[in-house]
**Student:** 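Below is one structure. I have some questions about it.
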Amino acid sequence: MKKKILLSIGLINLCMGLAVGQTLFSPNRELKMDFSIEKGRPTYTLQYKGKTVIAPSHLGIELKGEFQRREFNEMDNKNEGSPYSLMTGFAVADSVFSTFDETWTPVWGEESSIRNHYNELAVTLRQKETDRTMLLRFRLFDDGLGFRYEFPQQKNLNYFVIKEECTQFAMTGDHTAYWIPGDYDTQEYDYTVSRLSEIRKLQAGAITENLSQTSFSPTGVQTALMLKTDDGIYINLHEAALINYACMHLNLDDEHMIFTSWLTPDSQGDKGYMQTPCHSPWRTVIVSDDARDILASRITLNLNDPCKIEDTSWIKPCKYVGVWWEMITGMGDWSYTWDFPSVQLGVTDYTKAKPHGRHSANTANVKRYIDFAAKHGFDAVLVEGWNIGWEDWFGNSKDYVFDFVTPYPDFDVDEIRDYAKSKGVKMIMHHETSASIRNYERHLDKAYQFMVDNGYPAVKSGYVGNIIPRGENHYSQWIVNHYQYAVEKAAEYKIMVNAHEAVRPTGICRTYPNLIGNESARGTEYQAFGGSKPYHVAILPFTRLIGGPMDYTPGIFEMDISKYNPNNHSHANTTIANQLALYVTMYSPLQMAADLPETYERFADAFQFIKDVAMEWEKSVYLEAEPAQYITIARKAKNTGEWFVGSVGGYDARVSEISFDFLDKGKKYEATIYSDTKETHYLTNPQKYEIRKLKVTSKSKLKQYVAPGGGYAISIKEI
C-alpha cells in the first residue's frame with residue numbers, strides 16, 4: 001500500500017506560522033522540526049517529546065571559487081543578506097507539505113515488510129542577489145529526521161564544485177559519544193566511549209595503525225555516530241543514499257558542541273563536482289529515549305530508492321565457510337612462491353617457480369572445505385589467494401596488480417568447480433583490488449563473466465591500501481562512484497557483492513539488493529591482529545549496521561591465536577557463546593563460519609547453533625539494548641516459524657532478563673540455550689560454555705548470566 005497526500009498550508013498539524021518559519025511534526029507528533037531563515041541563513045531545530053535534541057543549526061553549501069568565507073557574525077552584525085555561496089542571502093520562495101505512507105517488501109532483511117511513513121516539508125529557497133534556487137527537503141518519521149539539499153536546473157547554477165558542505169548538528173550538551181576517528185581511508189578502528197569534550201584529548205590514542213589511513217581533525221569523527229544525553233535520549237547521526245557524492249564525516253566544535261559536516265576530498269582537495277539537477281545524500285538524525293528503537297529504525301533504508309533490479313530471484317542469503325582464517329592468523333599464505341621479487345602479469349612464469357608450501361588456496365585444501373560445507377549444510381565456500389599476483393600485491397603502488405581470472409598452478413579451476421557442483425556447494429569469488437581502481441574497472445566485465453562461466457554467484461571484493469589513482473581517498477566522490485559502478489555492473493551479470501574496505505553503507509542495498517554485505521568497519525580479522533575491545537560488538541549495531549549489513553565473519557572458537565601460529569600472540573576478546581550470539585545480533589544475509597573445520601569438530605555441540613541459525617527473517621524483536629553494554633535480539637525465521645535469540649555483552653558480567661512474549665500465544669516450544677557459565681571469562685576461560693534445553697511459552701521468562709565479553713544464543717522450535 002502506498003499513499004502520498006499534498007497538504008495545504010492551512011493544515012496546522014503540519015504547519016504553523018508560515019511568515020516566520022515552518023514547523024513539521026512526525027506522524028505520532030513526538031518529534032517536531034522547526035525551519036526558519038535567520039538573517040538569510042537556513043536554520044533548523046529538532047525536538048523530541050518537548051526536549052530539544054538539535055539546537056538551532058545552520059544549513060548551506062560553500063562553493064569553490066566564490067566569495068570566500070568570512071566570519072558569519074561579521075555579516076550578522078551588518079544585518080546583510082549578501083550572496084555567500086549557497087549559505088546565506090536566502091528567502092523562502094515556496095513551501096510544500098505532504099505525507100507519505102507505504103509498506104514495502106525487502107528482498108532480504110530483518111523483517112518481511114517495512115513501513116515507510118513520514119511527513120514532508122519541501123522548502124524552496126531563493127538567493128536574490130544571484131538569482132539561484134536551492135530546495136531543502138525534510139522528512140520527519142516517528143523515529144527521526146532525514147533531510148537533503150536539492151539543486152534544480154537553472155540558469156545561474158549548472159556546474160559547480162563543492163568546497164564544503166556546512167550542515168550543522170548543534171548538540172544541547174556534553175553528551176556521551178560512541179565514536180571512531182574521522183578518516184578518509186579507513187573505518188577499521190575500535191570504538192571509544194567518552195564525553196564530546198574528551199574527543200580532542202583521546203583522538204591520538206584512538207588512531208591505531210592501518211594499511212591506509214588519513215585523519216583530518218583532532219575532533220573529527222565518523223558516522224554513524226551514536227550519542228546519549230544525560231537525560232537518557234539516544235541520538236544517531238548518519239547519512240542515507242550516498243550516490244555521486246563524497247562520504248560525510250563530522251567535525252566537532254568542542255567549545256560550542258556543534259558538529260559540522262566534513263566531506264571527503266579528492267586528490268585536488270575538492271569535495272564534489274555537481275551538475276544540476278542534482279541533490280545531496282540524506283542527512284539523518286534518529287532519536288528515541290529507548291535504545292532499542294535505534295536498532296529497530298529503518299530510516300536509512302526508507303530514504304533510499306526502491307529496488308531497481310526487476311528479477312531478484314537470484315539474490316539469495318548465504319551461509320559460508322572459507323579459506324581465509326588460516327591466512328589471517330598466519331598459518332598459511334595468499335602467495336604461492338618466494339622466487340619472485342616482483343611479478344609482471346603475462347610475463348612471470350609461475351610454472352617454473354618453486355612453491356613455498358604455505359599457499360592455502362590449493363586444490364586439495366579447497367576440496368576439504370567443500371567437503372566440510374557439504375557435510376554440515378553450508379551454502380558456499382570462499383577462497384582467497386587463488387589468483388596470481390599475491391607476491392608483490394601490497395605496498396608498491398602497483399597499477400596492473402591482478403587480472404582476476406588466472407589461477408596459481410596448484411588451484412584447478414575446473415576441478416574445483418565440478419567438485420563443488422557435485423557436492424551441492426557454491427563457490428564465492430575473491431577480488432582483492434589492492435585499491436587499484438582503474439585496474440579493477442578495466443578487468444571487471446571479464447572477471448564477472450569468468451564468475452558466471454565457473455558458477456560463482458557472489459564476490460568478496462577488497463580495497464586494501466592507498467587508492468590508485470594516487471592521491472585519491474577511499475571515500476571521495478569519484479571512488480564512491482566506483483563502488484556503485486561495481487555493484488550495478490555485477491547486477492547485469494546476476495552477481496552478489498560483498499565489498500570490503502569500501503565506503504560505509506547508507507542503505508543502498510534497498511535499491512541494489514545484490515549488495516548483500518560490506519565490511520566497512522573493524523571486523524573479526526582484528527581478533528588475530530591484536531584483538532578488539534570486548535564491547536565492540538555491543539556498539540556496531542548502533543553505528544556501522546545502521547547503514548546496512550556487515551560481513552563481520554563471526555564464529556571464532558579458538559581465542560588463543562598462537563595455537564594456530566606460534567608467532568602470533570593475539571587473543572580474541574570474546575567467548576564461544578558470544579560468537580554464537582553474533583549470528584543474530586550482527587544482522588547480515590551473508591554469514592561466515594570463520595574458524596577452521598578442525599576447530600569446529602572439537603566443539604561440535606556449540607557448532608550446531610551455527611548450522612541451525614536462519615539466514616532469512618520474518619520479524620525482529622529488540623529485547624534489550626544499551627550501547628557498549630548489551631544487546632539482545634529475537635528473530636523469527638521465514639517459512640519455518642523457528643525463533644533465534646542472540647545476546648552480547650561488554651566488559652562487565654551481567655544478568656540478562658527477557659520475556660518470551662514474542663512467541664505465539666497458546667503454543668509450546670523447546671528452547672536450546674547456549675550460554676556462558678559463572679567460570680567463563682573472555683580472557684581467562686573463553687571456551688567454557690553450557691547447553692541446556694527448556695520448555696517455554698509466551699508466558700515464560702529467563703534470567704541468564706552473561707560473562708565479561710560473553711553472551712548467549714537460543715534456538716526455539718515449536719513442540
**Student:** Apply the test side-chain hydrogen bond (donor to acceptor under 3.5 Å, both in side chains) to residues Gln527 and Thr574: give CA-CA distance (whole Å), side-chain angles for both, the deciding distance (0.1 Å), then the verdict.
**Tutor:** CA-CA 9 Å; Gln527 298 285 22; Thr574 177; 5.5 Å; no
**Student:** What's the verdict on side chain to side chain contact (heavy atoms under 4.5 Å, CB included) for Leu295 and Leu545, showing C-alpha distance, side-chain angles and the deciding distance?
**Tutor:** CA-CA 9 Å; Leu295 300 178; Leu545 273 77; over 6 Å; no
**Student:** With the side chain counted from C-beta on, respond yes when His430 and Leu382 share a heavy-atom pair under 4.5 Å apart, and no when they do not.
**Tutor:** yes
**Student:** Are Tyr600 and Phe607 close enough that their ring centers fall under 6.0 Å?
**Tutor:**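 Yes.
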**Student:** Does any non-hydrogen side-chain atom of Tyr669 lie less than 4.5 Å from one of Asp664?
**Tutor:** yes
**Student:** Is Lys51 salt-bridged to Asp231, cutoff N-O under 4.0 Å?
**Tutor:** yes
**Student:** Kindly indicate whether the side chain of Asp289, heavy atoms from C-beta on, has any atom under 4.5 Å from the side chain of Lys49.
**Tutor:** yes
**Student:** Could you check if a side-chain atom of Trp325 sits within less than 4.5 angstrom of a side-chain atom of Leu596, using non-hydrogen atoms only?
**Tutor:** yes
**Student:** Donor-acceptor check, side chain of Trp108 to backbone of Lys316, threshold 3.5 angstrom: yes or no?
**Tutor:** no
**Student:** Distance-only, no hydrogens or angles: does the Glu642 side chain make a donor-acceptor pair with backbone N or O of Ala637 under 3.5 Å?
**Tutor:**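 Absent.
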**Student:** For a side-chain hydrogen bond (donor to acceptor under 3.5 Å, both in side chains) check, start with the C-alpha distance between Ser261 and Arg283, then their side-chain angles and the critical distance, and finish with the verdict.
**Tutor:** CA-CA 9 Å; Ser261 58; Arg283 280 61 188 98; 5.9 Å; no
**Student:** Below 30° counts as parallel, above 60° as perpendicular, anything between as tilted: where do the rings of Tyr184 and His249 land?
**Tutor:**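 Tyr184 vs His249 ring planes: perpendicular.
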**Student:** Under a 4.5 Å cut-off applied to non-hydrogen side-chain atoms, are Leu196 and Leu227 in contact?
**Tutor:** yes
**Student:** Can you list the steps and then say if Ile286 with Ile235 is a side chain to side chain contact (heavy atoms under 4.5 Å, CB included)?
**Tutor:** CA-CA 6 Å; Ile286 305 172; Ile235 306 168; over 6 Å; no
**Student:** Is a donor on one side and an acceptor on the other found under 3.5 Å between the side chain of Asn116 and the backbone of Thr103?
**Tutor:** no
**Student:** Could you give me the CA-CA distance, side-chain angles and deciding distance for Asp185 and Thr214, then say whether side-chain hydrogen bond (donor to acceptor under 3.5 Å, both in side chains) is met?
**Tutor:** CA-CA 6 Å; Asp185 284 298; Thr214 309; 2.6 Å; yes
**Student:** Please confirm whether the backbone N or O of Ile610 pairs with a side-chain atom of Lys319, one donor and one acceptor, at under 3.5 Å?
**Tutor:** yes
**Student:** Could you work out, with side-chain hydrogen bond (donor to acceptor under 3.5 Å, both in side chains) as the rule, every residue matching Arg195, not counting sequence neighbours?
**Tutor:**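 So Arg195 forms a side-chain hydrogen bond (donor to acceptor under 3.5 Å, both in side chains) with Asp230.
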**Student:** Name all residues meeting the side-chain hydrogen bond (donor to acceptor under 3.5 Å, both in side chains) criterion together with Asp595; count only those two or more places apart in sequence or in a different chain, and write none if there are none.
**Tutor:** Tyr564
**Student:** Do Ser57 side-chain atoms and Ala170 backbone N/O form a donor-acceptor pair below 3.5 Å?
**Tutor:** yes
**Student:** Could you point out which residue of His500, Glu188, Met550, Gln187 forms a side-chain contact (heavy atoms from CB on, under 4.5 Å) with Ser520?
**Tutor:**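 Option passing the side-chain contact (heavy atoms from CB on, under 4.5 Å) with Ser520: Gln187.
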**Student:** With distance as the sole test, does Glu501 use its side chain to make a donor-acceptor pair with the main-chain N or O of Tyr463 at under 3.5 Å?
**Tutor:** yes
**Student:** Using side-chain contact (heavy atoms from CB on, under 4.5 Å) as the criterion, list what pairs up with Ser26, not counting sequence neighbours.
**Tutor:**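 Ser26 satisfies side-chain contact (heavy atoms from CB on, under 4.5 Å) with Asn28, Leu31, Leu140, Asp142 once adjacent residues are dropped.
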**Student:** Do side-chain atoms of Gln687 reach the backbone of Phe557 as a donor and acceptor pair under 3.5 angstrom?
**Tutor:** yes
**Student:** Should the ring pair Phe169 and Phe147 be called parallel, tilted or perpendicular, given that the plane angle runs from 0 to 90° and is split at 30 and 60?
**Tutor:** tilted
**Student:** Does Arg654 make a cation-pi contact with Tyr630, if we ask for NZ or CZ under 6.0 Å from the ring centre and within 45° of the axis?
**Tutor:**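 Flagged: Arg654 positioned over aromatic ring of Tyr630.
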**Student:** Would you indicate whether the side-chain heavy atoms of His571 and Ile561 approach each other to under 4.5 Å?
**Tutor:**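 SC-SC contact between Ile561 and His571 ruled out.
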**Student:** So that I can tick it off, tell me whether Arg292 and Glu626 are bridged by a salt bridge, with the cut-off set at under 4.0 angstrom between side-chain N and carboxylate O.
**Tutor:** no
**Student:** Can you pull the salt bridge (Lys or Arg N to Asp or Glu O under 4.0 Å) pairs that have at least one residue in residues 513-529, sequence neighbours excluded?
**Tutor:**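 Output for this query lists Asp190-Arg522.
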**Student:** Can you tell me which residue among Val648, Asn578, Ile658 is in a side-chain contact (heavy atoms from CB on, under 4.5 Å) with Tyr712?
**Tutor:**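 Checked Val648, Asn578, Ile658 against Tyr712; only one passes side-chain contact (heavy atoms from CB on, under 4.5 Å): Ile658.
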**Student:** Under 30°, 30 to 60°, or over 60°: which ring-plane class applies to Phe644 and Phe609, parallel, tilted or perpendicular?
**Tutor:** perpendicular
**Student:** Can you confirm whether the side chains of Asp605 and Tyr689 place a donor and an acceptor under 3.5 Å from each other?
**Tutor:**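 The answer is yes; a qualifying pair exists.
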**Student:** Got a sec, which residues hit ring pair (Phe, Tyr, Trp, His ring centres under 6.0 Å) with His474, two or more places apart in sequence or on another chain?
**Tutor:** none
**Student:** Any donor-acceptor pair under 3.5 Å linking the side-chain atoms of Asn251 with those of Ser217?
**Tutor:** yes
**Student:** Please check if the side chain of Ser570 supplies one atom and the backbone of Ala528 the other of a donor-acceptor pair under 3.5 Å.
**Tutor:** yes
**Student:** Got Val459 and Met496 here, is their nearest side-chain heavy-atom distance under 4.5 Å?
**Tutor:**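 Side-chain contact under 4.5 Å: no.
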**Student:** So that I know where these two stand, are Tyr191 and Trp179 an aromatic pair - ring centroids less than 6.0 Å apart?
**Tutor:** no
**Student:** Can you confirm whether Ser700 sits close enough to Ser659 that some side-chain heavy atom of one is under 4.5 Å from a side-chain heavy atom of the other?
**Tutor:** no
**Student:** Quick one: do Glu618 and Lys638 make a salt bridge, cutoff under 4.0 Å?
**Tutor:**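 Result for this pair is no, no salt bridge flagged.
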**Student:** Does Asp305 pair with Arg510 as a salt bridge, N-O distance under 4.0 Å?
**Tutor:** no
**Student:** Is the shortest distance from a Lys or Arg side-chain nitrogen in Lys701 or Asp661 to a carboxylate oxygen in the other one below 4.0 Å?
**Tutor:**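 Salt bridge flag = no for Asp661 with Lys701.
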**Student:** Are the side chain of His376 and the backbone of Phe378 linked by a donor-acceptor contact shorter than 3.5 Å?
**Tutor:**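 No, the answer is negative, given that no donor and acceptor are paired below the 3.5 Å cut-off.
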**Student:** Assess whether a salt bridge exists between Glu110 and Arg635, defined as any Lys/Arg side-chain N lying under 4.0 Å from an Asp/Glu carboxylate O.
**Tutor:**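 Result for this pair is yes, salt bridge flagged.
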**Student:** Just jot down the side-chain contact (heavy atoms from CB on, under 4.5 Å) partners of Asp254, sequence neighbours excluded, or say none.
**Tutor:**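 Counting only residues at least two positions away or on another chain, Asp254 forms a side-chain contact (heavy atoms from CB on, under 4.5 Å) with Arg200, Thr219, Leu252.
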**Student:** Which value, rounded to the nearest 0.5 Å, describes the distance between Thr511 atom OG1 and Asn304 atom CG?
**Tutor:**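 So the OG1 of Thr511 and the CG of Asn304 are separated by 4.5 Å.
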**Student:** So does Lys611 have more than 12 non-hydrogen atoms from other groups sitting under 6.0 Å from NZ?
**Tutor:**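 It does: Lys611 NZ has more than 12 such atoms within range.
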**Student:** Can you give me the closest heavy-atom contact between Gly711 and Asp676, atom names plus distance?
**Tutor:** N-OD2, 2.8 Å
**Student:** So which atom in Met257 and which in Ser197 form the shortest heavy-atom distance, rounded to 0.1 Å?
**Tutor:** CE-CB, 3.9 Å
**Student:** Report the relative orientation of the aromatic rings in Phe529 and Tyr526; use parallel for angles under 30°, tilted for 30 to 60°, perpendicular for over 60°.
**Tutor:**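 Correct class here is perpendicular.
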**Student:** Are the side chain of Tyr475 and the backbone of Thr186 linked by a donor-acceptor contact shorter than 3.5 Å?
**Tutor:** yes
